[in-house]
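These notes concern the structure reproduced below.
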Amino acid sequence: MPIRPILRYPHPGLKTVCTPVTAFDSSLAELADDLLATMRAAPGVGITAAHIGVLSRVTVLELDKADGVRLYVNPEITWFSKEMISYAEGSVSMPGATDEVTRPRAIRFRYKDGEGAGHEDAAEGFLAICIQHEIDQLDGIFWLQRLSRLKRDRLVKKWEKTTG
């Protein structure tokens, strides 16, 4: 489980749409393990393969140790609630930068597990936000794109000052 280098904003790989996983084998299991180790070291609560430069539709979440690790392969949202919620979001690719993002409060989604079995599930609140955030990344949408232009420009300027 090596810790892999994380792409930093504004790397073009963070704006690239990831391709679906078709092989559910030991290399996928190794990727999931590496993602978990990398996410924990960052630290973060979610990471996608895109964050480490692997353009595959794989994401790992660990909201807290008691809840456990969640692996989602080829996730896609099938329904969004009309009710919205705001939460401070950030990225392992832009450490220290956060801002309020408004998203649907609840979702339904489908995904495959590490063995390729299909699942359908629902989420609300913080879990729903995290899943939407990571699926955006898999779709080449970096979280900053969910901010107003003014907020985004302000945050990017601040980020550039702190990172040189």
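As a basis for the values below, the full set of heavy atoms in this structure was taken, side chains included, without hydrogen atoms, waters or symmetry mates.
When all heavy atoms are compared, the tightest approach of G90 to H133 is O-CE1, 3.0 Å. Nearest heavy-atom pair, C18 versus A50, reported as atom, atom and distance to 0.1 Å: SG-CB, 3.7 Å. Between S93 and L14, the closest heavy-atom pair is OG-CD2, 3.6 Å. Across every non-hydrogen atom of A37 and I3, the tightest pair is O-CG1, 3.9 Å. Closest of all the heavy-atom pairs between A49 and L31 is CB-CD2, 4.2 Å. The minimum heavy-atom distance linking V60 with A32 is given by the pair CG2-O, 4.0 Å.
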| task | Go through the steps for V58 and T48 under the test side chain to side chain contact (heavy atoms under 4.5 Å, CB included), then give the verdict. | result | CA-CA 6 Å; V58 179; T48 67; over 6 Å; no
| So D136 and W143, side chain to side chain contact (heavy atoms under 4.5 Å, CB included) or not? Walk me through it. | CA-CA 7 Å; D136 270 359; W143 73 278; over 6 Å; no
| request: Walk me through it: do V101 and Y87 pass the test side chain to side chain contact (heavy atoms under 4.5 Å, CB included)? | output: CA-CA 6 Å; V101 177; Y87 201 86; over 6 Å; no
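No salt bridge links K151 with E100; every basic N to acidic carboxylate O contact stays at or beyond 4.0 Å. Salt-bridge annotation for D139 and R57: present, with a side-chain N of the basic residue lying under 4.0 Å from a carboxylate O of the acidic one. The pair R70-E62 fails the salt-bridge criterion, with no side-chain N (NZ, NE, NH1 or NH2) lying under 4.0 Å from an Asp/Glu carboxylate O.
Taking 4.5 Å as the limit, some side-chain heavy atom of Y9 sits within range of a side-chain heavy atom of L144. Within the 4.5 Å cutoff, side-chain heavy atoms of W159 are placed close to those of P95. Proximity of Y111 to I131: side-chain heavy atoms (C-beta onward) are nowhere separated by under 4.5 Å. Counting heavy atoms from C-beta outward, E134 and I47 have side chains that stay 4.5 Å or more apart. Looking at heavy atoms from C-beta onward, Q137 lies out of side-chain contact with Q132 at the 4.5 angstrom threshold. Side-chain contact check for C130 versus V45: some heavy-atom pair is nearer than 4.5 Å. With a 4.5 Å cut-off on side-chain heavy atoms, K161 and V156 do not count as touching.
Following chains of ILVMFWY side-chain contacts shorter than 4.5 Å, one cannot reach M39 starting from L138, and the two form parts of different hydrophobic clusters. Residues V92 and I135 are members of separate hydrophobic clusters, defined by side-chain heavy-atom contacts under 4.5 angstrom among Ile, Leu, Val, Met, Phe, Trp and Tyr. Follow the hydrophobic side-chain contacts under 4.5 Å out from L55 and you never reach I6; the two are in separate clusters. Residues L71 and I52 are members of one and the same hydrophobic cluster, defined by side-chain heavy-atom contacts under 4.5 angstrom among Ile, Leu, Val, Met, Phe, Trp and Tyr. No single ILVMFWY cluster, assembled from side-chain heavy atoms under 4.5 Å apart, contains both V54 and Y72.
To the nearest 0.5 Å, the span separating OG on S86 from CD1 on I129 amounts to 8.0 Å. In this structure, CZ in R152 is found 7.0 Å from CG in L147, a value given to the nearest 0.5 Å. Distance check, rounded to the nearest 0.5 Å: CG of D99 to CZ of R146 gives 14.5 Å. Atom CZ of residue R110 and atom OG1 of residue T78 lie 6.0 Å apart, to the nearest 0.5 angstrom. Distance check: H11 NE2 to M94 CE gives 15.0 Å after rounding to the nearest 0.5 Å. Atom NZ of K112 is separated from atom CG of L28 by 12.0 Å, given to the nearest 0.5 angstrom.
Formation of a donor-acceptor pair under 3.5 Å by the S81 side chain with backbone atoms of R105 is found in this model.
Within 6.0 Å of the CZ atom in F142, the count of heavy atoms belonging to other residues, nucleotides or ligands exceeds 12.
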